[in-house]
Amino acid sequence: MSASRYALVDGNNFYASCERVFRPSLEQQPLIVLSNNDGCAIARSNEAKELGIKMGAPWHTIKHLEREAGLVALSANFTLYGDISDRMMSLVSGFGHRQEIYSIDESFVDLTGIRGDLVARGQKLRQRVLQWLGIPICIGIGPTKTLAKLANHVAKDAERKRGSYPAEHAQVCDLTAVPAPALDALLMVTPAREVWGVGPRISDQLHNLGVFTVKDLRDMNPATVRSRWSVTLERTVRELQGVDCIDFDDAPAAKQEIACTRSFGGSVLEMEELAEAISAFAARVAEKLRLQGSHAGELLTFIRTSPFRQGAQYSRSAIMPMIPSTADTALLTKAALVSLRTIYRTGFKYAKAGVMALSLSPADQGQGELPFGVTPAGAKSELRAGLMATMDRVNDRYGRGSLHIARNESAAPTRQWSMKQERRTPHYTTDWQSIPLARA
DNA sequence: TCTGGGGTCCTAGGACCC
DNA sequence: TCTGGGGTCCTAGGACCC
């Protein structure tokens, strides 16, 4: 049995790279992709990073760079990114035996037992993805997932920041092929906060103990780390030491929670306006539940003011038990609206709201035991499930919200609830037929 | 004026039980 | 004065990830 070996493959500046596939004119330009409501930057091209734009930077604080530095800002198009992601993942899956899709732009690949020059193989994969999809990727290889993530960081910085690491590690970095003294040298010039699982809080606490670099962290005593912090950080330290502790998860379990939440463009004061939003969120949650084949046992609804703004703060949530558990749009919407009525207070400027499905169970598990007096699911609910499936197909085909259940509690025609009147770029759906497979 | 939208896991402490 | 102890389940909150 050979020692474990993993690759972490991810797309560089993924959302920005996706936009460039369709607008080659944006190549070389500083480019950012903005969150919902064009609130803040969620992806940056290398040129934008060089302008000093930070991840999550509020748009209003960097807008001046449009004029001053030719910065281009686009509204996010998550449908497009999802489609490109699917293609990228299937190309990358051929790199090893198993693949764990970790996020929209990252996957782990199990390389255990694969012989040969992995850096050369990695470069080949990189060329292939670049040619076929137009997306640049970086690959990190290590004996544990944590070290593969670290290798990926090295591969990126070696390419983007000249002199930060030896140039040979650019784009594809295989830490399993680096001799121990050279590995120590790499870990010594890398801050501990770059490690997967070390966030700002823990990084600060490590600083206070004189732990600054990845090498410092690797050389800590796992037992000390466990007592001072948690088993999670202990696992991270062991992984840095080359001990494989984090399972490879190539068959992800069903989600335990499903949420739909949004910040509003401006302040929302009225119950009616919140109700429109909450209805839309509940409908989307119901769709996602059906997509993964789950029922919700509870539904949480929340509304809150903005902690970034002056003025009275208010944040409240309510959990509604769903008996029996369900993925029915009408039932979930009704529950969310009832919750909203109990938590709503007048006089606050609401900035965010959301709906979350909790206590999920498989839809095919039946309804479970019903409390005395509750009518068992019957023909009526089967009819409803069929209706839901039809709605999902129509909405998938013609766009979200094409078909929805009318709220019967207000006689007035419902205004289509929207995030913002104007967007920087219009939304469009992807038609793969129109996308060239290879860029000549 | 203007600050994303999803998720996961761990821990501490309270409730409850025998 | 002195007032058990251990197990389990649940929840809230913290920390992390992209």
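Below, chain A is the first sequence line, B the second, and so on; all start at residue 1.
Sequence order on DNA chain B of the closest nucleotides to A:Gly56 and A:Gln256 puts A:Gly56 first from the 5' end. Along DNA chain B, the nucleotide closest to A:Ala254 and the one closest to A:Pro58 are compared, and the more 5′ of them pairs with A:Pro58.
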Dot-bracket assigned to DNA chain B with the 3.5 Å Watson-Crick/G-U criterion, [ ] for crossing and | for other-strand pairs, is ....||||||||||||||
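Near DNA chain C, meaning a heavy atom under 4.0 Å away, the residues from residues 189-209 of chain A are A:Val195, A:Trp196, A:Gly197, A:Val198, A:Gly199, A:Pro200, A:Arg201, A:Ile202.
B:dC16 and C:dG4: their C1' atoms are spaced 16 Å apart (whole Å).
Aromatic ring centres of A:Phe248 and A:Tyr6: separated by under 6.0 Å.
One N or O on the side chain of A:Asp216 and one on the backbone of A:Thr213 form a donor-acceptor pair closer than 3.5 Å. In this structure a side-chain-to-backbone donor-acceptor pair under 3.5 Å is present from A:Ser85 to A:Ile104. With A:Asn37 contributing its side chain and A:Gly39 its backbone, the two residues share no donor-acceptor pair below 3.5 Å. Remark: side-chain polar atoms of A:Asp249 are not paired, donor with acceptor, to backbone N or O of A:Glu100 under 3.5 angstrom. A side-chain donor-acceptor contact under 3.5 Å links A:Ser17 to the backbone of A:Asn12.
In this structure, A:Lys149 reaches the sugar-phosphate backbone alone: every heavy-atom distance under 4.0 Å involves primed, P, OP1 or OP2 atoms, never a base. Among the protein residues, A:Lys288 comes within range of the sugar-phosphate backbone only, with heavy atoms under 4.0 Å from sugar or phosphate atoms but none that close to a base. Nucleic acid contact class of A:Arg235 (heavy atoms, under 4.0 Å, all strands): sugar-phosphate only.
Looking at A:Asp157 and A:Ser164, their side chains never bring a donor and an acceptor atom within 3.5 Å of each other.
Heavy atoms only, all atoms of each residue included: A:His169 and A:Ala158 are closest at C-CB, 3.9 Å.
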Can you list the steps and then say if A:Arg290 with A:Thr329 is a side chain to side chain donor-acceptor pair (under 3.5 Å)?
CA-CA 10 Å; A:Arg290 296 193 291 268; A:Thr329 298; 3.0 Å; yes
Set out, in order, the CA-CA distance, both residues' side-chain angles and the distance that settles side chain to side chain donor-acceptor pair (under 3.5 Å) for A:Arg5 and A:Thr112, then state yes or no.
CA-CA 5 Å; A:Arg5 182 147 58 176; A:Thr112 304; over 6 Å; no
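Exactly one residue among A:Arg160, A:Lys156, A:Lys49, A:Arg44 makes a side-chain hydrogen bond (donor to acceptor under 3.5 Å, both in side chains) with A:Asn13. That residue is A:Lys49.
Of all nucleotides in DNA chain C having an atom under 4.0 Å from a heavy atom of chain A, the first and last in 5' to 3' order are C:dA15 to C:dC18.
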